[in-house]
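Lettering of chains follows the sequences in order, A, B, ..., and the numbering in each one begins at 1. For the numbers below, each heavy atom of this structure counts, side chains included, while hydrogens, waters and symmetry mates do not.
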Amino acid sequence: MLASLPAEDDGPVVDGGWLAFVTYYKSQVLTQNPGGYHIVELDGEVAAEIDFAQCVYKRSEDFVERIGHDNLVVVRFSDTPSSHETLAGSAVLPTDNLIWTAALMAGNGSELPWLDADKAFMLKRWPNFSILNHNMKMIDMASKLTKRPLMASDLARETEASQTQVWNFLNAASLLAGFRQLEPGEYQVMAPAPADPDGRASSVSSLISKLKLHITKAA
Amino acid sequence: MPEHVILVAGPMGAGKTTAIQSLSETPVVSTEAMNTETDIADKPTTTVALDYGEINLDDTDKIRLYGVPGQQRFDFMWRILEKRALGLIILVNNDTENPFEEVEHFMKEFSSISDRGGLVVGVTRSDLQAEPAVSDYMSHLEDLGLSEGMPIFTVDPRDKEHMVTLLMSLLTNIQSKCERPN
Amino acid sequence: MYAYHKDSDFCTGCELELQSLSKRCKSMKTGVIVTADGFVVSTYGDIGDNGNRLGSMTSSMQALAEAVHHELGLAENKHVTFASDNGNIVMCKMGKYPLVMTVMFDHRETLGQALFSMNSAVETICEQIGR
């Protein structure tokens with residue numbers, strides 16, 4: 001719960017990298033913020049503005065090109081929306097999109113401070129991928145984690161994803177409702193999946209591979 | 001050629017026909033008739049039999065997309081088409097009167113598909129009506145014990161990328177279910 | 001679109017025309033007139049569920065027939081016929097109006113006679129609408 005709104009002249013609420021950004025927002029409940037705007041600067045230049053009341057943000061046209069693991073991220077609070085020309089006329093997106101993107105960057109392929117590589121993780125809910133940056137590996141990981149708890153190493157093995165891909169995904173997912181980090185006693189380690197007697201899993205797997213290839217070719 | 005049938009269901013006006021048009025790589029076969037229920041959905045026509053589209057993956061595989069009419073009076077078409085379906089996409093328009101009831105209704109009507117395959121839900125028209133949020137759908141279905149790791153996304157049926165994401169999530173979910181049926 | 005099924009005078013007129021058709025065609029067992037989107041305007045004979053189910057099926061079949069016509073490059077569909085050993089079902093589009101008439105005849109009726117009689121009934125109703 002947000003304790004109190006910062007004042008405009010209190011200085012930046014975030015001044016660091018994406019880890020600082022994500023750590024700050026992890027401690028907030030955005031929808032309960034009564035108002036105000038957060039102006040996000042990347043490497044010294046205005047890049048986005050978060051409108052809490054509406055749970056949306058605007059971003060500069062080159063925002064996607066500008067984001068990277070090494071950004072200096074500064075966030076300043078404002079009572080009023082920014083009139084910065086970079087944001088004029090820009091599309092409005094859900095804040096979840098920004099927080100997710102930030103979390104993908106923040107760990108740079110390793111677990112964020114609140115995650116433990118020796119624990120298992122589970123997702124009670126799928127990420128709303130339509131509004132989040134995603135790829136097929138993430139869809140695969142979400143599918144596995146919503147079925148049963150997995151450690152990062154198991155998730156990597158089952159989805160043939162790299163450790164970097166797994167941790168970036170887990171970092172982002174850890175900010176979602178329904179994400180759980182489980183102690184060893186809280187879940188049963190499941191045996192590897194049984195052989196596919198009716199060939200159905202293989203058939204669907206083949207279908208997915210073909211569809212992936214087909215989409216890639218068409219793009 | 002093995003066929004993989006995906007069904008698209010949901011209430012009238014949810015965007016089923018549009019979704020199939022977005023996904024299909026062949027001209028969509030539509031069966032539209034003049035709509036006399038403009039009080040329910042303000043559009044001139046409505047699907048009265050099915051929509052049919054295809055995604056041709058290669059020489060041996062294709063995905064067949066069938067959209068069913070949304071009105072209960074055409075449920076005989078639902079029974080015909082669900083028999084061959086691998087998975088189901090339920091689309092529900094967020095500005096309908098009782099979106100939760102609509103999702104529950106279609107999940108129940110097509111329970112045979114979700115039991116043997118997979119199910120995803122796409123919430124349309126969230127740009128026109130933001131509430132309920134996707135998290136509200138999830139909470140509601142979780143309370144009823146119905147969600148069980150089911151993907152629920154906000155989608156624009158006119159957006160091919162959205163629909164592809166939904167389709168991929170459906171197939172991946174089916175695969176996971178096949179690997180571990182219980 | 002005009003909701004013909006909610007126009008009670010029109011519905012009555014259609015009912016009378018179906019009865020008149022049954023007098024001309026003794027082999028007529030049941031009949032229904034529906035809107036293109038499957039709502040029943042009027043019925044004749046012993047049809048369960050007030051003809052609602054048959055009405056929806058008529059709408060679907062008519063639309064599927066039009067889709068096939070379009071696929072094969074044929075002009076607009078005029079009627080659809082189902083044949084069996086003990087009777088035939090004919091579905092006729094009602095001119096330019098979004099309405100369809102479906103009639104079931106027993107084995108005594110030839111298809112040609114059935115179509116002729118139905119076309120006559122359709123013309124009568126279309127003239128009423130046109131007025």
Subject >> Audit row: B/His4, A/Val204, side-chain contact (heavy atoms from CB on, under 4.5 Å) steps and yes/no >> reply: CA-CA 9 Å; B/His4 312 285; A/Val204 178; over 6 Å; no
Original post:
Considering only heavy atoms from C-beta outward, does the side chain of A/Ile215 approach that of B/Met168 to under 4.5 Å?
Top reply: yes
**OP:** Tell me, out of B/His162, B/Glu161, B/Met138, who's got the most heavy-atom pairs with chain A below 4.5 Å.
**Re:** B/Met138
Original post:
Taking side chain as C-beta onward, heavy atoms only, is A/Leu211 less than 4.5 Å from B/Leu167?
Top reply: yes
Original post:
Going by atom types alone, do B/Ser176 and A/Arg148 pair a side-chain donor with an acceptor below 3.5 Å?
Top reply: no
**OP:** Only one of A/Ile131, A/Asp96, A/Asn128 passes side chain to side chain contact (heavy atoms under 4.5 Å, CB included) with B/Val134; say which it is.
**Re:** A/Asn128
**OP:** For the pair A/Ser143 (side chain) and B/Thr172 (backbone), establish whether a donor and an acceptor sit closer than 3.5 Å, ignoring hydrogens and angles.
**Re:** yes
**OP:** Tell me, out of A/Ile139, A/Leu145, A/Thr146, who's got the most heavy-atom pairs with chain B below 4.5 Å.
**Re:** A/Ile139
**OP:** Using non-hydrogen atoms and a 4.5 Å limit, figure out which bit of B/Ile152 sits close to chain A: side chain, backbone, both or neither.
**Re:** backbone
Subject >> Nearest-0.5 Å distance, CG of residue B/Leu171 to CG of residue A/Leu207 >> reply: 5.0 Å
Original post:
Taking the side chain as C-beta and beyond, is there a heavy-atom pair between A/Lys147 and B/Asn173 under 4.5 Å?
Top reply: yes
Original post:
Between B/Ser139 and chain A, which part of the residue has a heavy atom less than 4.5 Å away: side chain, backbone, both or neither?
Top reply: both
Original post:
Considering only heavy atoms from C-beta outward, does the side chain of B/Pro151 approach that of A/Arg125 to under 4.5 Å?
Top reply: no
